[in-house]
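In what follows, a single structure is set out as structure tokens and then discussed.
We use all heavy atoms of the structure for the numbers below, so side chains are in, but hydrogens, waters and symmetry mates are not. Computed from a prediction, not measured in an experiment: that's the story for all the values here. FYI, the numbering just counts along the sequence from 1.
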Amino acid sequence: MTTPIHNCLINKKTSTTPVWFMRQAGRYLPEFKKIRKNNLNFIKLCLNYKLSHEITLQPLKRFNLSAAIIFSDILMTPHGLGQKVVFKKNFGPKLKPLNLYNISNTNVDEFSKKLDPIYKSIKNVKKNPLIKNKDLIGFVGAPWTLLVYMINQSSPKKGLKKNFFKDDNLIKEILKILEKFLKIHIKNQIKNGATIIQIFDSWAGLLKEKELERYVYQPTLNLVNYTRSLRTPVICFPRNIKNYKKFCEIVKPDAISIDYNVNPKLIEKKIQIPVQGGLDPKILLLDKEKLKKEALKYLNIFKDHPYIFNLGHGVLPETDPNMVDYLVKIVENY
Ligand code: CP3
């Protein structure tokens, strides 16, 4: 039996619109906050396979979603490479300075062993009846976005560090190491039961057009080809890039996840492959009427296009779970 999302990605059929949300497991859910309160170390929480299993399934217990996404973080890769990551309250991630020597000497088995609780969690989620006929989405950060965190040491909300691009050799080395270990991380997730891989390139929008080739297109293409060689579909989310069409032509993912700054009508017209997402997560903070209107806008635009309903970025912490429930029902009844 094919799952609704596989049907959309592979058979390009849209009889029902599959739906899941980025950050569907997270801080807007009281049951997550309860666990989080007693687990202040976020990395440790991601590596607690029992709790990560429970958190992954929390949204599926509430809403009729087409997929679970494993509860983890894109920054588990730098953690696995030995660059220390901490999450500071009201600040976000903070990384220790990069030590190229340490990272270069990371051993493959050591890396897989460090991240093993994630794989164990995937394996256990996969056995749960809640995931029957649904997809289990594994994910990685794209090389560019991980490079950003590793060199910048925190979210580049106010831009990249002044000397970010100064050491070209360092950048080259890190990209090489990331390619190798991201492939391992992808393979391990698939081996343990992930049925789709999503590549998050949250900071792709920071680059100029001529820089995309080196930092985004080529490194992502390598991961897409690799994932496909493992017979697993890939969804790419190069957030805020100007030219999604060009990205799709070069990288050729199975689906493209769009942000909320692009015009969905133009995307529908220009892009031939399945599309995911788009709805601004802030709409969930308004009232039901506005939410319905915006959701129907996306559903109508993509009614004859293979489309996976999702947001243009993650669910915001202030979101009322009832609004998420309402949204899922709108998609379901469309
Ligand atoms: O439900 C899911 O989507 C699965 C789990 C998931 C998390 N992070 C859990 C998380 C996924 C897919 C991610 C991806 C991720 N992590 C991205 C790419 C998507 C995006 O948002 O652009 C990025 C850039 C990160 C790095 C990261 N992790 C940041 C910047 C932060 C802090 C700020 C924030 O937005 O929350 C995190 C922490 C994080 N990752 C939380 C969760 C549930 C919140 C942790 C908390 O409880 O404080």
Checklist line | Nearest heavy-atom neighbours spanning G138 and A194 | finding: N-CB, 3.8 Å

Item checked: Qualifying residues under side chain to side chain donor-acceptor pair (under 3.5 Å), relative to K176, sequence neighbours excluded -> E173

Next item on the list: Can you measure from NZ (K166) to CD1 (I151) and round to the nearest 0.5 angstrom?
Entry: 11.5 Å

Next item on the list: Could you check K172 against R214 for side chain to side chain contact (heavy atoms under 4.5 Å, CB included), going step by step and ending with a plain yes or no?
Entry: CA-CA 10 Å; K172 225 185 262 163; R214 176 180 180 197; 4.2 Å; yes

Report all side-chain donor-acceptor pairs from residues 68-76 shorter than 3.5 Å, counting only partners two or more places apart or in another chain.
residue	atom	partner	partner atom	Å
D73	OD1	L75	N	2.9

Notebook entry, point to check: What residues form a side chain to side chain donor-acceptor pair (under 3.5 Å) with S52, not counting sequence neighbours?
Noted result: S121

Notebook entry, point to check: Less than 4.5 Å apart, any side-chain heavy atom of T319 and any of L316?
Noted result: yes

Next item on the list: Verify the neighbour count for atom NZ of K183: are there more than 12 heavy atoms of other residues, nucleotides or ligands below 6.0 Å?
Entry: yes

Note to self: Which heavy atom of L60 sits nearest to which heavy atom of T56, and what is that distance?
What the structure shows: CD1-O, 3.9 Å

Check: Considering all heavy atoms of both residues, which atom of Q24 and which atom of L29 are nearest to each other, and what is their separation?
Finding: O-CD1, 3.7 Å

Check: In terms of heavy-atom contacts, does NZ of K270 have more than 12 from other residues, nucleotides or ligands at under 6.0 Å?
Finding: no

Notebook entry, point to check: Do I235 and Y260 belong to the same hydrophobic cluster, where Ile, Leu, Val, Met, Phe, Trp and Tyr are linked whenever their side-chain heavy atoms lie under 4.5 Å apart, directly or via other members?
Noted result: no

Notebook entry, point to check: Considering residues, nucleotides and ligands other than K134, do more than 12 of their heavy atoms fall under 6.0 Å from its NZ?
Noted result: yes

Notebook entry, point to check: Any link between V86 and L45 through a network of hydrophobic side chains (Ile, Leu, Val, Met, Phe, Trp, Tyr) touching at under 4.5 Å?
Noted result: no

Note to self: If you define the side chain from C-beta out and look only at heavy atoms, does anything of V328 sit under 4.5 Å from F309?
What the structure shows: no

Notebook entry, point to check: Is there side-chain contact between L47 and I118, with heavy atoms separated by less than 4.5 Å?
Noted result: yes

Check: For the ring pair Y307 and Y334, is the centre-to-centre distance below 6.0 Å?
Finding: no

Next item on the list: Decide side chain to side chain contact (heavy atoms under 4.5 Å, CB included) for F165 and Y215; before the verdict, give the C-alpha distance in whole Å, the side-chain angles of both, and the deciding distance to 0.1 Å.
Entry: CA-CA 11 Å; F165 290 104; Y215 296 108; 3.5 Å; yes

Item checked: Distance in Å, L284 CG paired with N322 CG, rounded so as to fall on 0.5 Å steps -> 11.5 Å

Next item on the list: Determine the minimum heavy-atom distance between L221 and V251, stating which atoms define it.
Entry: CD1-O, 3.5 Å

Checklist line | Y244 (side chain) donor-acceptor with I256 (main chain) under 3.5 angstrom | finding: no

Item checked: Within-4.5 Å side-chain heavy-atom neighbours: M323 and L327 -> no

Item checked: CA sep, side-chain torsions, deciding dist, call: K293, K297, side chain to side chain contact (heavy atoms under 4.5 Å, CB included) -> CA-CA 6 Å; K293 189 168 160 247; K297 183 179 103 182; over 6 Å; no

Item checked: Exceeds 12 heavy-atom contacts within 6.0 angstrom, atom NZ of K113 -> no

Just distance, no hydrogens or angles: give the donor-acceptor pairs under 3.5 Å from side chains in residues 92-104, sequence neighbours left out.
residue	atom	partner	partner atom	Å
N99	OD1	Y101	N	3.0
N99	OD1	N102	N	3.0
S104	OG	L100	O	2.6

Distance-only criterion, 3.5 Å: show the donor-acceptor pairs between side-chain atoms of residues 195-203 and protein atoms not counting sequence neighbours.
residue	atom	partner	partner atom	Å
T195	OG1	D135	OD1	2.6
T195	OG1	L136	N	3.0
T195	OG1	L136	O	3.3
Q198	OE1	Q276	NE2	3.0
D201	OD1	T145	N	3.4
D201	OD1	T145	OG1	2.6
W203	NE1	Y149	OH	3.1

Check: Would you call L212 and I241 a side-chain contact if the rule is heavy atoms closer than 4.5 Å?
Finding: yes

Checklist line | Under the salt bridge (charged side-chain N to carboxylate O under 4.0 Å, His left out) test, residues paired with E209 that sit two or more places apart | finding: K246

Margin query: For a 4.5 angstrom cut-off between non-hydrogen side-chain atoms, does Y49 reach Y119?
Written below: no

Next item on the list: Show your working on side chain to side chain contact (heavy atoms under 4.5 Å, CB included) between V85 and F42 and close with a plain yes or no.
Entry: CA-CA 9 Å; V85 184; F42 184 74; over 6 Å; no

Next item on the list: Give a yes or no on whether the backbone of K161 and the side-chain of N152 come within a donor-acceptor separation of less than 3.5 Å.
Entry: yes

Notebook entry, point to check: Do I267 and H305 have side-chain heavy atoms sitting under 4.5 Å apart?
Noted result: no

Checklist line | Interatomic distance, I273 atom CD1 to F247 atom CZ [nearest 0.5 angstrom] | finding: 8.5 Å

Notebook entry, point to check: Any salt bridge between E110 and K114, counting N to O under 4.0 Å?
Noted result: no

Check: If you measure from NZ on K44 to CG on L51, what distance do you get to the nearest 0.5 Å?
Finding: 12.5 Å

Next item on the list: Taking all non-hydrogen atoms of both residues into account, name the closest pair between P143 and P219 and its distance.
Entry: CG-CB, 3.7 Å

Check: Pick from R62, R36, K61: which one makes a side-chain contact (heavy atoms from CB on, under 4.5 Å) with E31?
Finding: R62

Next item on the list: For P59 and I55, work out which heavy atoms get closest and say how close.
Entry: CD-O, 3.3 Å

Notebook entry, point to check: Just by modelled atom types, is the K329 backbone N or O under 3.5 Å from a matching donor or acceptor in the N64 side chain?
Noted result: no

Margin query: Starting from L160, can I reach V216 by hopping between I/L/V/M/F/W/Y residues whose side chains sit under 4.5 Å apart?
Written below: yes

Next item on the list: Report yes if the side chains of K180 and V108 come closer than 4.5 Å at any heavy-atom pair, otherwise no.
Entry: yes

Margin query: Taking K290 first and then D287, would you say they form a salt bridge - that is, a charged N and a carboxylate O separated by under 4.0 Å?
Written below: yes

Note to self: Test ring pair (Phe, Tyr, Trp, His ring centres under 6.0 Å) on F21 and Y28; report intermediate values, then the result.
What the structure shows: CA-CA 12 Å; F21 302 112; Y28 72 105; 8.5 Å; no

